[in-house]
Amino acid sequence: MDGSIFDYLAKKEKEDKSPLAYRMRPKTLDEVVGQEHICGEGKLLRRAIDADRISSVIFYGPPGTGKTSLSEVIANQTKSYFTRINATTAGKKDMEERVGAAKEALSMYGKRTILFIDEIHRFNKSQQDYLLPFVEDGTVILIGATTENPFFEVNQALLSRSLILELYKLSRDDIKRLMLRAIEDTERGLGAFDMEVEDEALDFLADYANGDARAALNALELAAVTTGKSGDGKIHVDIDTASECIQKRVISYDKNADAHYDVISAFIKSMRGSDPDAAVYYLARMIAAGEDIKFIARRIMICAAEDVGLADPKALLVASAADRVVERVGLPEARIPLAEAAIYVALAPKSNSAYMAVDKALSEVAQNTTPQVPMHLRDAHYKGAAKLGRGLDYKYAHDFEEHYVRQQYLPEEIKDTVFYDPGDLGEELGMKERLKRLRSRKS
């Protein structure tokens with residue numbers, strides 16, 4: 001009995017001294033902010049928790065989105081034993097101990113055990129294989145958490161026995177809601193400090209967090225404990241105080257105001273104008289202000305397609321690769337592939353010929369009646385097509401020199417229309433010369 005009291009007091013003291021983000025972790029599903037797509041009323045995870053019928057789950061998402069919090073909610077709201085390990089420090093012995101205890105709980109008390117493994121992607125194949133039979137026979141219910149795509153990092157056998165649930169980055173409003181809850185909470189939060197935080201400061205901290213609830217809450221706590229009370233007995237936190245507490249200068253960049261559009265416009269025009277220095281500068285402005293890095297990656301891809309185009313087709317591949325890497329690694333590492341792609345696109349030869357060609361073709365389709373496809377180009381594979389003249393006199397290009405033969409491809413009404421006018425730079429110059437030569441041939 002005494003040991004239980006001391007254990008409780010030790011646990012209580014630890015919780016009292018824990019960071020705000022730890023103390024404010026939700027205890028129930030109703031306290032979870034964000035992730036409505038899996039936690040909302042009627043959703044699968046909520047139904048499973050409410051019915052105490054949870055099965056093995058892998059939570060996948062960026063840091064600070066609530067993966068560990070959801071596992072603790074499951075522990076609080078189910079009748080299973082709950083134990084946890086971190087894959088970065090745990091070895092096979094740790095797993096053997098957890099599995100042994102789970103077997104004992106199941107055989108002696110008929111209770112299942114939830115084994116939560118944080119950063120499960122850190123386990124190697126043999127460690128993951130060890131867990132498989134115990135997950136399969138129900139000895140443990142596995143709940144894994146990972147920031148990496150589980151389809152790349154977790155064994156297929158474990159994946160097939162688990163429900164994969166993706167957690168999304170928390171929105172700016174989600175982060176503000178969590179901070180306001182912490183400011184008002186007198187038991188676990190900062191209610192005892194009697195704080196007043198300006199909306200501008202909350203917006204700044206929400207942007208700084210970039211979807212990571214822990215970062216926002218810990219910054220808010222630092223503001224509370226390092227700011228003295230004013231004459232009215234309250235702690236007032238403005239945007240300058242918030243900036244000082246996180247050692248981050250306020251960037252003049254509101255994602256809902258003109259500065260946002262001005263900076264992204266300058267970024268795109270710098271890449272289009274072949275100025276890598278300006279492109280990297282505006283990229284840094286956006287990253288420092290908390291802009292969504294996926295949004296930045298998309299703009300680079302659009303510029304690669306629209307402004308570089310066929311002058312250097314590899315630019316779109318580089319931009320697409322950066323977009324994929326950004327999705328997988330996140331910040332701070334994502335700044336490097338973003339910079340590489342922006343610099344590559346800025347220095348690539350430019351052409352908007354493909355962009356102009358497709359828009360001209362779309363305009364033609366929109367403004368004029370749609371003419372018939374030439375008879376010799378129509379599908380001739382179905383029964384009776386030949387009798388209707390479909391496909392007759394079609395010339396198979398591969399049967400001719402250079403795998404080219406002159407024949408009419410456009411409908412009769414627009415047969416002489418030119419949609420694609422190639423540029424004179426980069427790889428497109430070679431395309432232009434070839435197209436000119438082919439168009440001049442008579443057969």
Side-chain angles (χ1 to χ4, degrees), residues 267-276 279 297-324 340-382 385-386 388-443:
F267 176 58
I268 294 166
K269 289 171 181 173
S270 298
M271 289 188 291
R272 181 184 298 144
S274 301
D275 189 330
R298 287 196 299 270
R299 302 314 302 179
I300 297 174
M301 286 193 291
I302 292 169
C303 189
E306 181 177 322
D307 297 306
V308 177
L310 294 174
D312 184 356
K314 293 191 295 294
L316 187 55
L317 297 178
V318 171
S320 299
D323 177 66
R324 177 68 178 133
E340 290 172 352
I343 291 169
Y344 190 100
V345 170
L347 290 178
K350 304 297 190 292
S351 171
N352 66 349
S353 59
Y355 161 52
M356 298 296 288
V358 70
D359 277 5
K360 185 176 180 181
L362 285 169
S363 178
E364 171 66 37
V365 171
Q367 293 177 16
N368 301 302
T369 57
T370 307
Q372 294 291 316
V373 173
M375 192 66 74
H376 61 283
L377 298 184
R378 298 189 193 182
D379 181 21
H381 289 89
Y382 63 91
L388 297 174
R390 267 65 168 172
L392 294 182
D393 300 324
Y394 169 66
K395 298 173 184 177
Y396 187 56
H398 296 293
D399 290 339
F400 297 85
E401 183 182 354
E402 288 192 276
H403 300 262
Y404 173 82
V405 60
R406 190 172 181 82
Q407 64 184 327
Q408 183 179 325
Y409 290 97
L410 282 171
E412 180 66 27
E413 294 86 339
I414 57 171
K415 65 179 182 180
D416 296 322
T417 305
V418 174
F419 293 105
Y420 175 54
D421 182 20
D424 298 318
L425 297 175
E427 294 187 28
E428 199 170 24
L429 178 59
M431 298 178 192
K432 182 173 186 176
E433 293 172 349
R434 172 173 166 75
L435 183 58
K436 182 179 179 182
R437 187 176 73 255
L438 294 178
R439 282 174 174 170
S440 66
R441 282 178 54 171
K442 296 183 178 178
S443 62

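Atom set for the values below is all heavy atoms of this structure, side chains included, hydrogens, waters and symmetry mates excluded. Here, residue 1 is the first one in the sequence, and each next residue gets the next number.
- Taking each heavy atom of A341 and A322 in turn, the nearest pair found is CB-CB, 3.7 Å.
- A donor-acceptor pair is defined here as one N or O able to donate and one able to accept, closer than 3.5 Å; such a pair exists between the side chain of Y404 and the backbone of L438.
- Atom SG of C303 and atom NZ of K269 lie 12.0 Å apart (nearest 0.5 Å).
- Side chains of I300 and F267 form a contact here, defined as non-hydrogen atoms less than 4.5 Å apart.
- Atoms CD and CG, from E306 and D359 in turn, are 8.5 Å apart once rounded to the nearest 0.5 Å.
- Environment of OH in Y355: sparse, with no more than 12 heavy atoms of neighbouring residues, nucleotides or ligands closer than 6.0 Å.
- Using a 4.5 Å heavy-atom threshold, the side chains of R437 and K432 count as separate.
- Side-chain contact check for L435 versus P422: some heavy-atom pair is nearer than 4.5 Å.
- The shortest non-hydrogen separation linking M431 to P313 is CE-CG, 4.5 Å.
- For S353 and E428, the side-chain atoms include at least one donor-acceptor pair closer than 3.5 Å.
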Chi angles and distances behind the salt bridge (charged side-chain N to carboxylate O under 4.0 Å, His left out) call for E433, K436
CA-CA 5 Å; E433 293 172 349; K436 182 179 179 182; over 6 Å; no

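- Remark: the backbone N or O of L410 is paired with a side-chain donor or acceptor of Q408 at under 3.5 angstrom.
- Closest of all the heavy-atom pairs between A304 and A319 is CB-CB, 4.1 Å.
- L310 places a side-chain heavy atom less than 4.5 Å from the side chain of Y420.
- The structure places CE of M356 at 10.5 Å from OG of S363, a figure rounded to the nearest 0.5 Å.
- Under a cut-off of 6.0 angstrom, the local environment of OH in Y409 is crowded, with over 12 non-hydrogen atoms contributed by other residues, nucleotides or ligands.
- A donor-acceptor pair is defined here as one N or O able to donate and one able to accept, closer than 3.5 Å; no such pair exists between the side chain of E427 and the backbone of A311.
- For the side-chain contact (heavy atoms from CB on, under 4.5 Å) criterion with P371, the lone passing option out of E413, E364, K415 is E413.
- Counting heavy atoms from C-beta outward, E412 and Q372 have side chains that stay 4.5 Å or more apart.
- Scanning all heavy atoms of the two residues, the minimum distance from M271 to K350 falls at O-CE, 3.1 Å.
- Between atom CZ of residue F419 and atom NZ of residue K360 there is a gap of 6.5 Å, rounded to the nearest 0.5 Å.
- Using modelled atom types and a 3.5 Å distance limit, the side chains of Y344 and D312 yield a donor-acceptor pair.
- Few gaps surround CG on D399; more than 12 heavy atoms of other groups in view lie less than 6.0 Å from it.
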